[in-house]
There are 2 protein chains.
Amino acid sequence: MLLQTDYDHENRQMCPGPAERSRADARRAQILAAAVDCFRQHGFHGASIAQISKAAGMSPGHIYHYFENKEAIISAIVAGDLERFLILTSEIRSACNVREAMLDRVAEGIDQCLDHQTAGLKLEIVAEASRNPHVAEIVRSADKVCRESLMLTMRDMRRAAGHEDDDATLAAMVEVFVSMFEGLQIRTIRNPGIDRSVVIPLFQHSLRALLDQTP
Amino acid sequence: MLLQTDYDHENRQMCPGPAERSRADARRAQILAAAVDCFRQHGFHGASIAQISKAAGMSPGHIYHYFENKEAIISAIVAGDLERFLILTSEIRSACNVREAMLDRVAEGIDQCLDHQTAGLKLEIVAEASRNPHVAEIVRSADKVCRESLMLTMRDMRRAAGHEDDDATLAAMVEVFVSMFEGLQIRTIRNPGIDRSVVIPLFQHSLRALLDQTP
DNA sequence: CATTCTAGATCGAACGCTCATTCTATGTTA
DNA sequence: TAACATAGAATGAGCGTTCGATCTAGAATG
């Protein structure tokens with residue numbers, strides 16, 4: 001939803017149907033998929049429009065019908081990435097036993113962080129955010145939403161266990177919680193031989209200690 | 001020591017003295033400092049030789065007297081970065097009470113990870129390693145040394161507390177341990193408003209749980 | 001001590017290339 | 001026919017890198 005220039009031009013007689021409503025949206029998705037591929041392989045600045053256009057099966061010039069410039073493609077990818085993350089957190093939040101749902105899904109989260117391709121692009125995005133103010137703003141505002149969602153989740157979880165924490169403590173819990181996962185993205189680059197099956201139980205142990213801590 | 005082409009040409013009557021022995025080494029350091037600055041601001045591929053040469057106060061061509069090409073500059077920075085990390089871990093290892101030394105230095109480590117400038121460059125390096133095989137090799141071989149050093153440290157620490165762990169468990173402990181710190185580097189970009197004074201005690205709590213765990 | 005020599009230090013213009021972006025012409029579709 | 005889709009060449013800027021010319025400081029020479 002973010003960053004989608006309203007471009008609907010009457011929208012094909014009311015059928016928002018099958019994920020790709022208009023030809024324009026299909027082309028847009030096609031470009032984004034190709035760009036993700038290229039950015040993974042060469043980085044934001046290493047990948048050229050020529051490469052992306054070749055991967056997307058169209059001419060370089062044609063890309064500019066759908067995106068204002070290269071940075072707009074980057075922004076769209078970042079926005080899509082974070083939209084997906086928001087969906088994940090809202091899924092966790094809607095589970096009946098949130099604490100167990102969280103711990104159960106740790107393995108899934110770890111596997112996602114350990115995926116080399118995914119991790120590479122995520123790191124590329126953060127590195128870009130550390131110097132590109134426009135990307136930084138997208139990343140930070142979405143991160144804020146994610147943190148707030150996680151804070152609410154944790155407050156419920158802690159209340160159910162009889163703890164009442166102030167906001168600062170909850171925020172810190174969220175930071176440490178997220179740190180561990182995001183750190184794994186770096187780990188998988190620096191040590192591709194990491195053994196997931198041994199890391200998972202340790203991870204769960206540490207998370208339990210974090211979530212159950214008494215101040 | 002790494003990446004220093006033997007370039008001594010008789011070395012000024014035997015005085016390896018004050019950190020910068022020859023003029024060439026001084027220039028080299030000057031270029032590296034300027035490059036670090038530029039890379040932080042624009043990334044490895046966003047920063048140009050022209051920019052770096054201006055920041056270093058010399059002509060573009062002159063840089064090529066000291067570095068074969070741009071990637072050699074990147075490699076030198078990565079190598080220097082990791083050399084410093086190795087010094088840090090060896091310092092921790094040589095403390096008398098290693099466990100307490102480690103927990104004491106958590107705050108220091110956190111502050112370092114939370115430094116926006118440092119974190120930005122570290123992330124740039126990892127992102128580059130995720131696609132540049134040459135950088136990846138430097139990063140991974142140094143990471144291996146660091147992990148081995150940390151494993152030995154942890155084994156001693158755990159033995160002193162009466163635990164005997166196998167290598168896989170120790171390796172996993174190291175991974176989770178390092179994950180938490182490296183994750184902070186991402187956190188400080190995604191949420192610059194992070195409150196260190198609340199995060200530190202939580203961090204220490206979680207680390208204690210990790211280091212003292214009974215299998 | 002003055003002069004010449006020389007080799008490294010340094011410069012900055014020039015090269016060839018690739019980039020992001022633009023523009024015009026043509027194809028397609030309804 | 002009208003509006004949009006698409007191609008691909010053109011543009012100009014900027015890139016990493018090379019190269020020949022100049023500068024400089026100390027060694028060699030007288």
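So that the names make sense, note that chain A is the first sequence line, chain B the second, and so on, each numbered from 1. Source: prediction; values computed, not measured.
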Distance, rounded to the nearest Å, where B/His62 contributes NE2 and C/dG8 contributes C1'
10 Å
Along DNA chain C (nearest heavy atom to each residue), the more 5'-positioned of A/Ile49 and B/Arg27
B/Arg27
To the nearest angstrom, the NE2-C1' distance between B/His45 and D/dG14 comes to 16 Å
Mapping B/Gly57 and A/Gly46 onto DNA chain C by nearest heavy atom, which one lands closer to the 5' end?
B/Gly57
Check the distance between D/dG14's P and B/His42's NE2 and give it to me in whole angstrom.
13 Å
Tell me: CD of A/Gln30 to C1' of D/dT6, nearest whole Å?
12 Å
So, does A/Tyr66 get its side chain near the phosphate of D/dT6, meaning an N or O under 4.0 Å from OP1 or OP2?
yes
Starting at atom CD of B/Gln51, determine the distance to atom P of D/dG14, rounded to an integer number of angstrom.
11 Å
Rounded to the nearest 0.5 Å, how far apart are NZ of B/Lys122 and CD1 of B/Ile189?
11.5 Å
Rounded interatomic separation in angstrom, taking CD1 from B/Ile31 and C1' from C/dT10
11 Å
If you only use heavy atoms from C-beta on, which nucleotide in C/dA9, C/dT22, D/dT18 is closest to the side chain of B/Tyr64?
D/dT18
Spacing between A/Lys70 atom NZ and C/dC19 atom C1', to the nearest angstrom:
8 Å
Output yes when at least one side-chain N/O atom of A/Ser48 is less than 4.0 Å from OP1 or OP2 of C/dC19, else no.
yes
Backbone N or O of A/Asp111 within a donor-acceptor pair of the A/Arg196 side chain at under 3.5 Å?
no
Could you tell me whether the phosphate oxygens of C/dT28, OP1 or OP2, come under 4.0 Å of any side-chain nitrogen or oxygen in A/Arg23?
no
Taking atom CD as the centre, does A/Glu148 end up with more than 12 heavy-atom neighbours from other residues, nucleotides or ligands that are less than 6.0 angstrom away?
yes
Less than 4.0 angstrom between a side-chain N/O of A/Ser59 and OP1 or OP2 of D/dG8, yes or no?
no
Rounded to whole angstroms, how far apart are CD1 on B/Ile63 and P on D/dT17?
10 Å
Taking a pair as Watson-Crick or G-U wobble with both distances under 3.5 Å, which nucleotide is matched to D/dG30?
C/dC1
Looking at B/His116, I'd like to know if its NE2 atom is crowded, meaning that more than 12 non-hydrogen atoms belonging to other residues, nucleotides or ligands lie closer than 6.0 Å.
yes
Has the side chain of B/Ser53 got a donor or acceptor atom that lies under 3.5 Å from a matching backbone atom of B/Ala50?
yes
